[in-house]
Amino acid sequence: MFKIAKRNLPELLRAIAAEQELYLPVNISGQTNFAVWTEGTEADLDTLKTVKSPKDMFFPQSETLYTVKKENKKLSIQPEALREQRFVAFGMKACDIQGIKVLDKVFLAEPIDTFYAARREHGTIVALACHEPEETCFCKVFGVDCAEPDADVVMWAVGEMLYWKPVTEKGKALTESVSGVLEAADEADEKAVSDEQDNIRAIVEKLPYTNLSLEGWDGNATDAKFNSPVWEKLFKPCLACGTCTFVCPTCQCYDIKDYDTGHGVQRYRCWDSCMYSDFTMMAHGNNRTSQMQRFRQRFMHKLVYFPANNDGMYSCVGCGRCVDKCPSSLNIVKVIKAFEKEAVDQ
Amino acid sequence: MQRIGVFVCHCGSNIAATVDVKKVVEMARLEPGVVHAEDYQYMCSEVGQAKIAAAIHEKHLTGVVVCSCSPRMHEATFRKAAEKAGLNPYMVEIANIREHCSWIHKNIEEATEKAVILARAAIAKVNLNAPLKAGESRVTKRALVIGGGIAGIQTALDIADAGYEVDIVEKTPSIGGRMSQLDKTFPTLDCSACILTPKMVEASAHEKINIYTYSEVEKVTGFVGDFTVDIRKKARSVDMTKCTGCGVCQEKCPSKKAPSEFNRGLNNRSAIYTPFAQAIPNVPVIDREHCIKFKTGKCGLCEKVCQAGAIDYTQKDEIITEKYGAIVVATGFDTIKLDKYDEYAYSQSKDVITSLELERIMNAAGPTKGHLERLSDGKPPKNMVFIQCVGSRCSDNRGKSYCSKICCMYTAKHAMLIRDKYPDVNVTVFYIDVRTPGKNFDEFYRRAVEDYGVNYIKGQVGKVAPQPNGQLLVQGVDLIDNKQILMEADMVVLATAIEPDPSVRKIATMLTASIDTNNFLTEAHAKLRPVESPTAGVFLSGVCQGPKDIPETVAQAGAAAVKAIGLLAKDKLMTNPCTAKSDELLCNGCSQCANVCPYGAISYETKLINDHGIREERRVAVVNNALCQGCGACTVTCPSGAMDLQGFSNRQILAEVDAICR
Amino acid sequence: MQEIINRAKELLADGTVARVLGWRIGDLPYNPEPSYFETAEDLEKNFVYDGFCGANLSKYMIEGSKLEGKTLVFLKPCDTYSFNQLIKENRVDREKAYIIGVGCKGKLDVEKIKAQGIKGILSISGAEIEGDAETLTVNTLYGDKTVAYKDAMLERCHVCKGKEHMIFDEEIGESKDTKDADRFAEVEKIEAMKPEEKFAYFQKELSKCIRCNACRNVCPACSCRKCVFDSTKFDSAQKANADSFEEKMFHIIRAFHVAGRCTDCGECSRVCPQGIPLHLFNRKFIKDIDEFYGDYQAGADAESKGPLTSFTFGDVEPGVTGGRR
Amino acid sequence: MKSEKKQAEMIREISGVNPYKCMKCGKCSASCPSFNEMDIKPHQFVSYVLHEDIESLVKSESLWKCLSCFACVERCPRDVKPGKLIDAARQLVVRQRGETYLSPDEVPELLDPELPQQLLVSAFRRYRR
Amino acid sequence: MSITANEEFRPKIVAFCCNWCSYAGADLAGSSRLTYPADVKIIRVPCSCRVNPMFILRAFEKGADGVIMCGCHPGDCHYSTGNYYARRRMALLFSMLDYIGVEHGRTRVEWVSAAEGVKFSQTMNEFVAKITSLGKNVRLEDLRCRK
């Protein structure tokens with residue numbers, strides 16, 4: 001394990017950025033999101049959750065797939081190059097990393113999504129343990145330990161210090177490249193980190209959602225849940241906006257669109273939301289015609305269909321972003337609780 | 001995908017001298033959808049048109065772009081040519097490479113590049129064109145004239161003489177209107193009744209004219225060529241088929257306290273009455289408000305004295321529904337109320353009167369049998385003062401901002417007549433300006449001054465004060481002498497502003513015809529379409545459109561008739577196919593489009609809509625193609641883009657923008 | 001609040017209304033959700049009306065109007081403007097709504113509380129509709145904190161339109177005028193900037209936009225069945241900001257489409273997950289409309305024609321206005 | 001002349017009157033109770049302002065003969081309101097006198113309890129501003 | 001297609017002209033041989049009230065450097081009232097564009113009658129000069145449309 005004084009953080013960042021592209025949480029006009037570091041950029045490690053999840057770095061909101069050029073009446077196709085430069089995702093949280101694991105299940109399964117795979121291959125994740133979890137957090141429910149994120153490098157912020165522990169080969173290589181700015185940690189430091197972990201875990205126990213039960217939610221629950229009358233009441237406040245899906249670290253649906261540039265066509269993909277009325281719209285119309293059906297789809301997917309196809313893995317990580325951001329204060333927790341209540345009522 | 005042919009015209013050297021037409025042809029070939037491109041000396045010539053036709057046949061073209069002069073010049077030519085060759089005419093677009101290109105640019109390279117871009121934009125548009133078909137609608141060969149004054153009568157006569165059925169709807173018991181109330185007419189001083197009555201008789205006798213008096217328009221639906229109108233025939237209480245017009249009922253009627261509308265309330269009439277002796281139809285009505293039989297149930301005298309047995313107390317209002325192809329509005333005018341002009345003491349003294357009241361006083365059939373006398377004491381006046389512009393040309397909130405146009409002339413007429421008949425009466429006229437544009441008008445006014453000694457004073461009257469001795473103290477100013485004038489008068493006559501008859505508001509709403517801030521009906525174009533309303537099939541006759549004197553009214557009445565005849569002469573109306581169209585699936589039914597439509601072409605219907613499997617009742621906009629003129633105001637107002645304009649659709653214009661900016 | 005619940009129960013019991021549209025108590029102290037209630041029991045147990053009930057329920061009445069029978073809907077003074085506007089546009093049925101105008105003393109924004117560094121919120125007191133608390137006490141995992149009520153208020157409440165309900169069947173509760181700022185001050189500040197500063201300001205704000213459409217979907221004026229930005233009928237459909245142009249296009253066109261119809265209810269700014277001050281667009285149009293064509297408040301009535309569907313002969317010329325200040 | 005122009009502008013500004021609206025009907029003069037006392041007549045006020053001859057207007061008898069009865073203001077059909085012009089001209093004169101006019105601070109000293117309130121207000125309207 | 005070899009900035013300008021007045025005015029400018037730069041390309045619309053703000057933004061998106069809208073003089077609209085609505089719409093839109101920092105002057109409205117060929121050509125000359133002085137539109141273009 002290594003350490004660096006928080007005040008020396010810019011040195012560390014400079015050292016990383018000297019080698020590769022560096023993404024980290026930055027506050028831009030009041031909101032913290034992941035952004036590219038350039039000299040002078042101030043890191044915001046105090047904000048627990050970025051508004052958008054860091055999945056953007058691996059699966060951007062929109063990316064060009066290929067370009068069709070038109071010269072007179074001839075067409076030529078230029079495929080988009082895959083990512084070749086290495087980069088570091090600095091300051092990701094345990095839940096976000098769990099989110100990336102969910103995305104891996106989708107994009108790294110055959111047929112492999114080459115754009116995603118290239119980014120995963122070239123990205124090194126430096127995680128930060130959650131110093132002060134908040135009331136909207138419920139990662140523990142999905143088995144995530146925010147005191148010990150599963151990353152290439154893990155960091156803990158304790159007092160004036162930042163502790164740095166390389167975990168994987170990638171992490172070790174990164175540590176090697178920045179060793180000049182890191183100090184070796186001693187036993188007292190080990191103790192400080194383990195105290196911090198205890199501290200974090202103790203807070204997690206006190207979080208209002210920590211004891212949320214997932215009983216009844218698994219890959220076999222389709223029949224039990226799909227036809228429940230609860231959905232009909234639950235969806236009512238839903239505005240059919242895409243906030244929950246766009247801040248979610250695991251939502252992976254996208255649409256493919258063409259843009260006419262006047263001298264050709266850019267084919268690009270962009271995030272889509274199952275909350276939108278034109279989601280999976282086809283020539284005959286839409287296979288989910290009501291907002292209730294679309295609403296149900298989102299939660300059935302996260303809590304039933306995804307585990308059914310991925311060895312029981314839920315595609316919710318308990319980051320609580322939807323709890324924070326839903327304009328009508330709806331969220332996955334309310335959904336789970338509503339079914340819990342239904343079970344009790346019966 | 002369209003199969004487009006591009007035809008580039010040299011226009012002799014008009015285009016070819018500055019635009020490399022071969023290059024335009026070559027570049028056009030590369031555009032999507034283009035399967036044919038050629039150039040020719042004169043595309044609009046027989047040979048040029050034949051080339052287009054040949055290409056349409058040989059290459060199975062679905063669209064044509066002609067790069068030539070302005071579409072305002074030859075669009076119709078090329079569309080016709082295409083239609084002859086079997087192509088829908090609306091699949092033709094013009095790229096204007098002459099007026100907008102070759103004629104204004106000198107550099108051949110620049111002009112050629114621009115011509116290519118203009119061609120490209122036209123091609124991009126044609127790629128999205130859809131065949132359009134002009135709609136057809138039937139024309140009901142019958143006209144409705146609302147208002148039975150001189151304007152309405154003249155319009156009806158002209159239309160009827162052309163062989164079409166005309167109905168006149170008049171709200172009072174007789175046709176004749178304001179003109180029937182006048183004594184003499186300027187500038188010839190003919191007796192008004194003498195020239196009007198024959199026209200009234202002619203109208204009532206005309207086999208093509210049907211007159212509904214004591215009736216009002218209740219409801220109008222439909223559109224140009226096919227209006228359906230409900231007319232309320234108010235209960236007359238007299239059977240028109242039996243009444244002989246003998247007048248005994250009016251003589252015997254014991255209720256004689258109703259103010260006479262015809263005499264502007266200066267005297268009274270009986271409860272059963274015809275407004276005036278020459279009324280047409282000469283059938284009285286019972287004014288139920290004043291009739292003793294209706295008020296108390298007793299009396300019934302008229303029924304007893306009527307030998308024809310025409311009195312029918314049980315008559316009810318009747319609604320007649322009739323179809324019309326054209327509607328002419330001729331609702332006329334009234335004088336404004338004078339309650340805001342108390343400085344003239346109109347409400348305080350019986351001897352302060354309006355000019356229209358003076359007409360009645362001067363008239364032999366009027367309340368004073370034509371003797372000029374004071375209404376307060378019946379004495380003949382010695383000094384009379386006329387005040388001009390009462391309520392006209394006022395930009396404050398008391399009167400009307402416009403000039404009432406007729407007052408200068410009728411005042412000169414009154415002054416002259418009085419001086420002629422009563423030479424010892426002094427007549428003073430206070431005026432701001434004397435406005436006499438019109439044939440023999442200024443000569444007429446000058447005669448009043450020069451031959452009849454009417455005292456015209458440039459200046460206004462500030463106050464009229466009734467004195468205890470019954471005289472009227474007039475305080476005015478003479479701006480030429482720069483003196484204030486205090487004079488005593490026996491009578492003061494106010495040239496009161498005229499305003500559209502109040503009934504016009506309701507009628508305008510029913511017809512969706514627009515009215516201006518003064519309640520005058522708006523014409524379709526202030527200069528070029530002065531007798532048409534913007535609402536197709538509705539025409540304007542007389543003062544309802546703006547202040548007019550009799551000759552102007554008659555001229556406009558004739559013009560409105562011609563316009564109506566032009567419409568009625570058609571068996572079918574071809575509608576402009578470039579009209580707005582609402583997409584029912586996108587329409588919110590929010591009514592914003594109807595708010596900006598100048599033609600009232602948009603209505604709303606509640607329909608069962610199947611939106612990709614969701615069936616629900618929705619309020620949606622429906623465009624009437626016969627009314628829509630294709631301006632596109634609605635399309636921009638529509639936030640959801642449900643409303644689009646055929647021939648100039650959102651996608652077409654965006655495609656042109658894209659092509660130009662490429 | 002009990003008075004509101006009791007009245008709702010009465011109206012439900014006597015059959016005046018078939019359901020109640022209100023706010024359902026959340027699972028956190030600050031997240032009640034718009035919801036329907038059909039039983040007295042549900043109302044008694046789960047209805048809430050407090051400082052966090054910022055959601056404008058007017059728009060829900062579009063769907064509510066399609067339901068059988070009348071719906072009792074609670075509207076705050078500012079919400080009633082939206083409701084009027086929806087009536088004007090035939091999007092809601094007045095006959096299907098029983099409106100209780102509820103009092104309001106300024107609504108709260110949890111983001112503003114969190115922005116003061118308060119995290120781990122477990123409970124909040126002082127947000128109740130009863131009483132006149134000037135301070136909120138926030139109990140958190142990391143100790144008790146206090147925030148001045150005013151400092152936690154939504155932006156829109158600082159420029160409150162007033163205490164009057166524009167439309168209602170009955171009113172319950174007192175309102176407080178919370179206006180303490182000039183409605184157009186922010187707009188004027190931007191107007192005074194140099195073009196490059198303006199551009200930089202909006203570029204920075206709008207670059208945060210994630211095109212979640214929350215602003216559009218919550219907006220009572222954006223009541224189109226299908227938005228032009230979703231419709232495949234034109235080449236205007238956009239799903240993401242693939243280029244910085246698109247976020248501008250979306251927000252300008254959206255503001256333009258609601259110009260003259262926007263009641264300035266502030267919901268767009270309230271719901272934006274990225275905290276973009278979207279009201280600055282709408283308010284610019286409102287300010288211009290007021291200045292060019294005379295003061296106009298959308299939703300003040302349900303009949304008048306809006307400023308973009310009317311005109312006067314002497315309107316200002318477009319060229320002149322762009323450069324005025 | 002330049003100061004004349006400025007004065008004309010000031011009169012237009014103080015009175016809020018647009019003299020171009022005048023259609024020279026003379027209704028003001030016809031209504032004026034002080035007409036005969038005046039050397040410049042009410043309808044002429046407008047043209048003096050229009051022609052920017054404020055000097056003559058200010059020196060005229062009329063300036064102090066106007067009773068401020070506002071008959072002309074009430075009856076003017078064009079919203080030109082000569083009475084307001086003359087009122088403005090008076091103010092111009094008062095302003096030119098400099099500091100000699102009444103200031104609100106002095107009012108209490110001058111205040112006679114017997115003095116009708118209306119007179120005070122009308123004095124203010126005429127001589128201050 | 002390259003026109004001139006030098007690097008001189010040639011603006012792209014879109015002009016929306018109503019069919020009844022301004023398009024005819026442009027025709028008159030043409031038949032009177034009143035020149036203006038070829039950078040102006042005219043799109044014919046039935047009435048100025050057909051011009052959707054979307055069209056104007058679209059032109060900028062695709063790389064236009066200036067957009068001008070011409071219609072009948074207020075009061076002379078062929079459809080009586082169309083240009084009054086257009087006037088309000090454009091007043092608000094232009095003010096908004098100014099507000100977000102798009103250089104004032106890239107947009108313009110001019111009322112040109114069918115008889116005003118001279119005015120049309122003068123207006124276009126002025127507008128092209130103005131846009132040329134402002135330079136390339138970078139604040140509202142979509143970078144994907146750059147070549």
Side-chain angles (χ1 to χ4, degrees), chain B residues 336 338 340-346 385-404 407-408 428-435 456-465 473-487 489 492 494-497, chain D residues 12 15-51 53 56-57 59-87:
Chain B
I336 64 163
L338 288 170
K340 285 183 183 158
Y341 288 92
D342 213 33
E343 68 256 37
Y344 297 123
Y346 177 75
V385 167
F386 285 80
I387 303 173
Q388 298 297 89
C389 295
V390 175
S392 297
R393 306 170 70 191
C394 289
S395 59
D396 57 8
N397 55 10
R398 299 200 294 170
K400 303 290 176 185
S401 58
Y402 51 85
C403 165
S404 293
C407 327
C408 288
T428 307
V429 178
F430 283 92
Y431 70 97
I432 303 173
D433 301 291
V434 178
R435 297 182 166 179
Y456 269 78
I457 297 177
K458 159 81 186 160
Q460 260 297 15
V461 167
K463 194 166 173 58
V464 175
L473 189 64
V474 177
Q475 179 185 311
V477 68
D478 183 333
L479 293 176
I480 307 295
D481 289 355
N482 212 8
K483 277 185 187 141
Q484 209 172 47
I485 294 172
L486 262 177
M487 61 192 292
V492 170
L494 307 177
T496 313
Chain D
R12 292 178 61 168
S15 63
V17 164
N18 174 7
Y20 285 106
K21 289 191 74 180
C22 176
M23 63 171 174
K24 303 176 170 62
C25 69
K27 189 143 179 178
C28 42
S29 285
S31 304
C32 184
S34 303
F35 184 93
N36 291 330
E37 326 284 316
M38 292 187 176
D39 48 355
I40 297 177
K41 311 297 186 190
H43 68 274
Q44 292 173 305
F45 298 167
V46 186
S47 53
Y48 275 84
V49 174
L50 213 50
H51 300 138
D53 183 6
S56 312
L57 197 58
K59 285 188 185 146
S60 72
E61 288 283 311
S62 304
L63 194 62
W64 309 106
K65 296 292 182 192
C66 168
L67 302 170
S68 293
C69 72
F70 280 13
C72 53
V73 172
E74 280 303 308
R75 292 186 190 155
C76 175
R78 307 290 305 172
D79 265 342
V80 178
K81 305 175 178 173
K84 289 204 166 178
L85 286 177
I86 204 78
D87 207 33

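First the proteins, then the strands, lettered A, B, ... as listed; each starts at 1.
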Engineer: Should the heavy atoms of other residues, nucleotides or ligands under 6.0 Å from NZ of Lys400(B) be counted, would the total exceed 12?
Structural biologist: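 For Lys400(B), atom NZ is crowded (more than 12 foreign heavy atoms under 6.0 Å).
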Engineer: Measure the spacing between SG of Cys403(B) and CE of Met23(D) and express it to the nearest 0.5 Å.
Structural biologist: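 Separation between the atoms: 9.5 Å.
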Engineer: Can you tell if the side chain of Asn482(B) reaches within under 4.5 Å of the side chain of His43(D), non-hydrogen atoms only?
Structural biologist: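 A side-chain contact exists here, since the closest heavy-atom pair is under 4.5 Å.
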Engineer: Rounded at 0.5 Å granularity, tell me how far NZ in Lys458(B) sits from NZ in Lys24(D).
Structural biologist: 8.5 Å
Engineer: Any chance you could measure Cys394(B), atom SG, to Lys27(D), atom NZ, to the nearest 0.5 Å?
Structural biologist: 7.0 Å
Engineer: Name the member of Ser31(D), Cys76(D), Ala71(D) that forms the most heavy-atom pairs with chain B at distances under 4.5 Å.
Structural biologist: Ser31(D)
Engineer: Under 4.5 Å from any heavy atom of chain B, what part of Gln44(D) do you find: side chain, backbone, both or neither?
Structural biologist: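 Just the side chain, heavy atoms under 4.5 Å.
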Engineer: Of all heavy-atom pairs between Gln460(B) and Ala30(D), which one has the smallest distance, and what is that distance?
Structural biologist: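 Here Gln460(B) and Ala30(D) meet closest at O-CB, 2.9 Å.
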Engineer: Supply the atom-to-atom distance Lys41(D) NZ to Lys483(B) NZ, rounded to the nearest 0.5 angstrom.
Structural biologist: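 Answer for the NZ-NZ pair, Lys41(D) versus Lys483(B), is 10.0 Å.
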Engineer: How long is the gap from SG on Cys25(D) to CG on Asp433(B), to the nearest 0.5 Å?
Structural biologist: 9.5 Å
Engineer: Taking everything shown except Lys59(D) itself, do over 12 heavy atoms lie less than 6.0 Å from its NZ?
Structural biologist: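 No, not enclosed.
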Engineer: Name the option with the most non-hydrogen atom pairs under 4.5 Å to chain D; the candidates are Asp478(B), Val461(B), Val477(B).
Structural biologist: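 It is Val477(B).
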Engineer: Has the side chain of Arg398(B) got a donor or acceptor atom that lies under 3.5 Å from a matching backbone atom of Arg75(D)?
Structural biologist: yes
Engineer: Taking the side chain as everything from C-beta on, heavy atoms only, tell me whether Gln484(B) gets closer than 4.5 Å to Cys32(D).
Structural biologist: yes
